[in-house]
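Since the structure is predicted, the reported quantities are computational estimates derived from the model, not experimental observations. Note: hydrogens, waters and symmetry copies are ignored here, and every other heavy atom, side chains too, is used.
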Amino acid sequence: KRTVVLTMKASVIEMFLVLLVTGVHSNKETSKKIKRPKFTVPQINCDVKAGKIINPEFIVKCPAGCQDPRFHVYGTDVYASYSSVCSAAVHSGVLDNSGGKILVRKVAGLSGYKGSYSNGVQSLSLPRWRESFIVLESKPKKGVTYPSALTYSSSKSPAAQAGETTKAHQRPPIPATTAQPVTLMQLLAVTVAVATPTILPRPSPSAASTTSIPRPEPVGQRSQEMDLWSATTYTSSQNRPGADPGIQRQDPSGAAFQKPIRADVGLGEMDSWKPGSLLLDEGRVPKEELSTQSLEPVSLGDPNCKIDLSFLIDGSTSIGKRRFRIQKQLLAGVAQALDIGPAGPLMGVVQYGDNPATHFNLKTHMNSRDLKTAIEKITQRGGLSNVGRAISFVTKNFFSKANGNRSSAPNVVVVMVDGWPTDKVEEASRLARESGINIFFITIEGAAENEKQYVVEPNFANKAVCRTNGFYSFHVQSWFGLHKTLQPLVKRVCDTDRLACSKTCLNSADIGFVIDGSSSVGTGNFRTVLQFVTNLTKEFEISDTDTRIGAVQYTYEQRLEFGFDQYSSKPDILNAIKRVGYWSGGTSTGAAINFALEQLFKKSKPNKRKLMILITDGRSYDDVRIPAMAAHLKGVITYAIGVAWAAQEELEVIATHPARDHSFFVDEFDNLYQYVPRIIQNICTEFNSQPRN
């Protein structure tokens, strides 16, 4: 009996094992049958913007070379969907310029995007955008299927998009394959785009201003518009139906201001000028709801007028409300004419009275329409007319990176003064000029003959402006004629080649170091000399358009270590100086000067100041007089620094006149660093003492 039971148990166990093995084999066969196809990563070009791709989350492969500034990026860490996907990936550090795979995830739009420089890419600031995205390393999430083919917003017909939307709602949502639902307004926009004009309902005249959508103008057309922007057309835009409310509003008691101007304006002239680069007015349907395509910025600004502009407006009590309003009208006109944008001019406003106050800085408003609206809201502060204090405030506070200042754009200040300042402007303006700020003055209704006794500082405008050649000054006899300055003012501030004060002692030179590498120097002291060269170089603004640095080492022979055009950034220059190797040999200083003139300064740019800084520790084996004279005749300003056994009389011959400002003697190499501040001060003093006419 026990044998039978054991036999039955063995049979049951055997059957169980057979079933188990069969089930495992069956599962393997099933898994083989439902094995998913291998995921193929789609490739995109550098110019593809995130807003053109409908998929909310996707993995893509970027090509090499997306660090190129042609592909614009807006924001930092979180990017507006108008940005290039691949350039944003380089900016964020997820990719380098060689390309690769990235994961992109769409997120909600922001009220503002901050620009920054990172990983060789300069991102721009942008106000408000309907959609954003972030860039991550290409590590797919478990359970998520990513698309092998991306869905683009403009690649399908309305019917195809509608069909895809229906299918998307019928299957479980997968981030990589589910298209975004198409809204009723989007379908309506697509239908309108392909329909004939007769199908569209004709808007009534009263609704025209709220239903039409202005087409963004090309940046290149701004100059044509400027030709139409005369005093007459400027006034006509104030009175044209639908004109900006900031220009249209008038004090009832000020109606007389309009009569002499309005009488010259015909209906044709009123229609001849149409403001470009306007965003949608309030009450209109947002453009992003009327189109499946990404909303494009109205304008990136005029790149031919890339300036950072601050208006200093007079808010003193004496100006009165009506004249303060006329002042704001000029600002609004300038804001419209300049075509404000992140790639063009940016503008902020500071009002002064007893004390200055910033109404908005350079990065607050990124288009002309928002800027004009903000100008309309400015209210008068009252007080005195302390212009000098206001200029000091702008020099110290306004043009900073935190306030949106761009190192590549000239700094311009336009000061508007009713009558005359109540404080002195000369010293504050000098410091502003030396900081690279181009000051323009608009003086309205200057002091009459019997009022000049009250003027604190005679000839204040000439003491303040960048140059006294008339380019930077406007003298307006009456507030009624202020609008006539609009066109010439815009043309002058945009003429960046003539903004002379953009050049400073630190950003406008070609500096050639001529370094003694003779045997008497020694390896340790030679490294000390290189540190001295490094300390001097750090004080300058280095780029291919700012100060450039070159270096020559000499003994009996001469060697070009690097030329002016070899390195264009401060880190690269400092690394190049560190890599200079000690040569050892004799001391032929005269031959070294000739070599520097031929190999360095012959390739200097015409608009650059030429500075030679020669460091030697002994008397030259050859004559230095003729080479030094040749350098002086060619306009090379020469500084001679001697150490230890250097001959004082030779240093004075080499140095530019007066020798006391251009030659220095140091008893030990370790004391070279002490002369860095003095040399920089002398370079800047000489630069700033140039005539301003």
Side-chain angles (χ1 to χ4, degrees), residues 69 303-308 406-412 433-438 466-467 469 471 494-515 533-534 536-553 558-577 580 592-614 627-639 654-656 662 679-680 682-692:
N304 296 317
C305 182
K306 187 177 180 181
I307 59 171
D308 289 342
R406 301 164 294 181
S407 59
S408 59
N411 296 336
V412 180
R433 290 192 300 272
E434 292 177 5
S435 300
I437 298 174
N438 298 273
C466 173
R467 295 287 184 269
N469 55 10
F471 182 78
C494 288
D495 190 354
T496 54
D497 290 336
R498 294 189 65 182
L499 296 180
C501 287
S502 298
K503 297 177 182 178
T504 70
C505 60
L506 302 178
N507 71 4
S508 59
D510 280 344
I511 303 176
F513 288 97
V514 181
I515 305 167
V533 172
T534 296
L536 282 171
T537 301
K538 285 179 179 178
E539 298 294 324
F540 294 90
E541 299 171 26
I542 308 293
S543 80
D544 55 352
T545 57
D546 295 315
T547 292
R548 303 186 303 169
I549 304 292
V552 167
Q553 184 182 175
Q558 306 83 35
R559 182 169 71 195
L560 179 66
E561 300 293 352
F562 50 88
F564 292 136
D565 56 357
Q566 193 164 344
Y567 302 106
S568 59
S569 71
K570 187 175 291 187
D572 288 345
I573 286 289
L574 298 181
N575 286 330
I577 294 170
V580 173
I593 294 172
N594 282 332
F595 182 86
L597 293 177
E598 185 66 26
Q599 298 298 319
L600 272 180
F601 292 101
K602 194 172 183 179
K603 300 175 183 178
S604 184
K605 292 184 178 180
N607 61 340
K608 299 284 188 182
R609 294 174 73 230
K610 303 174 185 66
L611 301 179
M612 180 190 297
I613 300 178
L614 185 144
M629 187 179 299
H632 301 161
L633 291 174
K634 291 180 180 180
V636 179
I637 301 169
T638 307
Y639 287 81
I654 295 169
T656 296
H662 298 87
I679 293 170
I680 296 296
N682 285 12
I683 289 172
C684 288
T685 299
E686 186 173 39
F687 178 87
N688 295 324
S689 63
Q690 297 176 99
R692 292 200 299 119

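E561 contributes atom CD, which lies 12.5 Å from atom CD of Q599 (distance to the nearest 0.5 angstrom). The distance from the CG atom of N575 to the OG1 atom of T534 is 9.5 Å, given to the nearest 0.5 Å. To the nearest 0.5 Å, atoms OG (S604) and CZ (R609) are separated by 11.5 Å. For the atom pair I573 CD1 and I542 CD1, the distance stands at 6.0 Å (nearest 0.5 Å). Here the CD-CG distance, from Q566 to D544, works out to 14.0 Å after rounding to the nearest 0.5 Å.
In this structure, T656 contributes its side chain and T638 its backbone to a donor-acceptor pair below 3.5 Å. Distance alone, capped at 3.5 Å, is enough to place a donor-acceptor pair between the Q690 side chain and the F687 backbone. Side-chain N or O atoms of N438 include one that pairs as donor or acceptor with a backbone N or O of C501 at under 3.5 Å. Distance alone, capped at 3.5 Å, places no donor-acceptor pair between the D572 side chain and the S569 backbone.
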Kindly indicate, with the supporting measurements, whether the criterion side-chain contact (heavy atoms from CB on, under 4.5 Å) is fulfilled by T496 and K306.
CA-CA 8 Å; T496 54; K306 187 177 180 181; over 6 Å; no
Going through the checks in order, is the salt bridge (charged side-chain N to carboxylate O under 4.0 Å, His left out) test met by K610 and D510?
CA-CA 5 Å; K610 303 174 185 66; D510 280 344; over 6 Å; no
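Residues I683 and E539 fail the side-chain proximity criterion, which asks for heavy atoms closer than 4.5 Å.
Taking each heavy atom of I307 and L499 in turn, the nearest pair found is CG2-CD1, 4.3 Å.
Both cation-pi conditions hold for R498 and F471: the charged atom is under 6.0 angstrom from the six-membered ring centre and inside a 45 degree cone around its axis.
In the displayed structure, K605 atom NZ is contacted under 6.0 Å by more than 12 heavy atoms of other residues, nucleotides or ligands.
Taking the six-membered ring for Trp and thresholds of 30 and 60 degrees, F562 and Y567 have ring planes more than 60 degrees apart, a perpendicular arrangement.
A salt bridge links R406 with D308: the closest approach of a Lys/Arg side-chain nitrogen to an acidic carboxylate oxygen falls below 4.0 angstrom.
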